[in-house]
Novice: 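Just passing along the structure, written as structure tokens.
All ligand and atom numbering here is 1-based and tracks the order in the structure. Source: prediction; values computed, not measured.
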Amino acid sequence: MLILGIETSCDETAAAIVSGDKYSKKIKLISNIVASSLPLHSKSGGIVPENAAREQVKYIIPVISGALSKANLKPKDIDIIAITYGPGLIGSLLIGVETAKTLSYIWNKPLIPVNHLLGHIYANFVSEISNFKFQISNSAVPEFPAIGLIVSGGHTDLILLNKHGNLKWLGGTRDDAAGEALDKIGRLLKLPYPGGPYIEQHAKKGDANKYQFPRPMIGSKDFDFSFSGLKAAVSREVEKTKLNEETVNDICLAAQKAIVNVIVRKTLKAAKKYNAKSILLGGGVAANQTLRNELELEVRSQKLKAKIFAPSKKLCTDNAAMIAAAAFFNNKVVTWQKIDADPNLYFDLS
Ligand code: KG4
Ligand code: ZN
């Protein structure tokens, strides 16, 4: 089965082709094209929704035809179209959803609508084949029950996956998402947008003894998060600090540490409570190496049996391979008349 995935929920326009059969425990990535309008948003210091939507219009057809030609396939070879229908920016979502509906109609292909957040978790079910050796580089398969941790610019969520199609939302952020907090802290420190990757780089040169920031809700009984207080604490510190290379490095290290600490603590608590065999990371912040290392370290030191999965860095950020993978394992085919973009979509846990 060949699936064409399409993703346009925010500032990336992406199309990918994946293949799988009824025996597949992971799907194979055949082509993966991502056009990002990030450079444009870097100039404005954040995403302007209308600009993002206009860029989606520019890229959507070239990206889809690029994914097909890179895979050496024609539209008739595709079996199913998978499309992100939410959550996200309405203008951006509409470009992908309406394109997918049109293609479904004219090519006569079934459609599978996919929740973007679930897509991030399913990036862990994509096998990337190394171009050079033609070997599957990440062949390990996540086992259930699994804890999914979605940490992106718009979301911070913990979910329990009992099996494909059987999910329970455990908790999420009550205010800023982890990536959003990093981006806002980046702005306070006058770093380029988005701040997350820059904070990671500066933190490597920081001194851990210089600043200490709060770890909001770290001990709370639930699986919720809150990061806006941390951002406010960093803001207060920045007001009384002369920003230079050294102080920026030190603040980056302390802020990253606070965020990573909270995420690791809550994820491990969920893994323990539900006896998880796997912890599946997803979303842009999952590209953060400190987060990956700290999770690994804590899982080992607490002697948990959970195995940690994190997608390659290019599959952590928005892409369409993850959307096609989520569609493959949660096969809910609909007709094109039945799909509407839903910017506020949350977890459909049925
Ligand atoms: O998943 P994503 O590409 O888009 C959303 O769906 O939001 O995530 C983008 C977020 C941004 O907040 C960015 O700062 C963060 O991911 N990010 C990182 C790193 N790379 C991207 N945060 C920390 N460390 C990184 N290496
Ligand atoms: Zn995303």
Novice: Name the closest protein heavy atom to atom 10 (C) of ligand 1, giving the residue it belongs to and the distance to 0.1 Å.
Specialist: Gly153 N, 3.5 Å
Novice: Are any of the side-chain heavy atoms of Glu128 and Lys314 separated by less than 4.5 Å?
Specialist: yes
Novice: Give the name of the N/O/S atom in Asp318 that lies closest to the Zn ion (ligand 2).
Specialist: OD1
Novice: In ligand 1, which numbered atoms sit nearer than 4.0 Å to a non-hydrogen atom of Gly179?
Specialist: 12 (O)
Novice: Among all protein heavy atoms in this structure, tell me which lies nearest to atom 22 (N) of ligand 1, with the distance rounded to 0.1 Å.
Specialist: Gly196 CA, 3.4 Å
Novice: Under a 4.0 Å heavy-atom limit, does His120 contact ligand 1 with its side chain, its backbone, both, or neither?
Specialist: side chain
Novice: Any side-chain donor paired with an acceptor under 3.5 Å for Asp21 and Ser24?
Specialist: yes
Novice: Heavy-atom contacts with Asp183 under 4.0 Å: which atoms of ligand 1 show up? List them by number with element.
Specialist: 11 (C), 12 (O), 13 (C), 14 (O)
Novice: Given side chains that start at C-beta, do those of Ser127 and Ile27 come closer than 4.5 Å, heavy atoms only?
Specialist: no
Novice: Mark yes when over 12 heavy atoms from residues, nucleotides or ligands other than Glu246 sit less than 6.0 Å from its CD; otherwise mark no.
Specialist: no
Novice: Phe125: which residues meet the ring pair (Phe, Tyr, Trp, His ring centres under 6.0 Å) condition with it, sequence neighbours left out?
Specialist: Tyr122, His164, Phe329
Novice: For the pair Lys205 and Glu245, find out whether any cationic side-chain nitrogen is under 4.0 Å from an anionic carboxylate oxygen.
Specialist: yes
Novice: Would you mind listing which atoms of ligand 1 come within a distance below 4.0 Å of any non-hydrogen atom of Glu200?
Specialist: 24 (N), 25 (C), 26 (N)
Novice: How close does the nearest protein non-hydrogen atom get to atom 17 (N) of ligand 1, and which residue and atom is it?
Specialist: Gly284 O, 3.5 Å
Novice: Would you give the angle at the Zn ion (ligand 2) between His120 atom NE2 and His116 atom NE2, to the nearest 10°?
Specialist: 90°
Novice: Should you measure from each heavy atom of Pro194, which atoms of ligand 1 turn up under 4.0 Å away?
Specialist: 13 (C), 14 (O)
Novice: So which protein heavy atom does atom 24 (N) of ligand 1 come closest to, and at what separation?
Specialist: Asn288 ND2, 3.1 Å
Novice: Using only heavy-atom distances, determine whether the side chains of Thr290 and Lys204 contain a donor-acceptor pair under 3.5 Å.
Specialist: no
Novice: Find out whether the Lys NZ or Arg CZ of Lys257 is both under 6.0 angstrom from the six-membered ring centre of Phe213 and within 45° of the ring's axis.
Specialist: no
Novice: How far is atom 6 (O) of ligand 1 from the closest protein heavy atom, and which atom is that?
Specialist: Asp318 OD1, 3.3 Å
Novice: Would Lys25 and Tyr23 count as a cation-pi pair here, with the cationic atom under 6.0 angstrom from the ring centre and within 45° of the axis?
Specialist: no
Novice: Working note: Val151 + Leu281, criterion side chain to side chain contact (heavy atoms under 4.5 Å, CB included); need CA distance, chi angles, decisive distance, verdict.
Specialist: CA-CA 8 Å; Val151 271; Leu281 309 191; 5.8 Å; no
Novice: Would you mind running through ligand 1 and noting each atom that sits below 4.0 Å from a heavy atom of Gly154?
Specialist: 7 (O)
Novice: Against heavy atoms of His116, which atoms of ligand 1 measure under 4.0 Å?
Specialist: 6 (O)
Novice: Under 4.0 Å from a heavy atom of Pro197: give me the atoms of ligand 1 that qualify, with their elements.
Specialist: 14 (O), 17 (N), 18 (C), 19 (C), 20 (N), 21 (C), 25 (C), 26 (N)
Novice: Pick one of side chain, backbone, both or neither for how Leu182 approaches ligand 1, counting any non-hydrogen atom pair under 4.0 Å.
Specialist: side chain
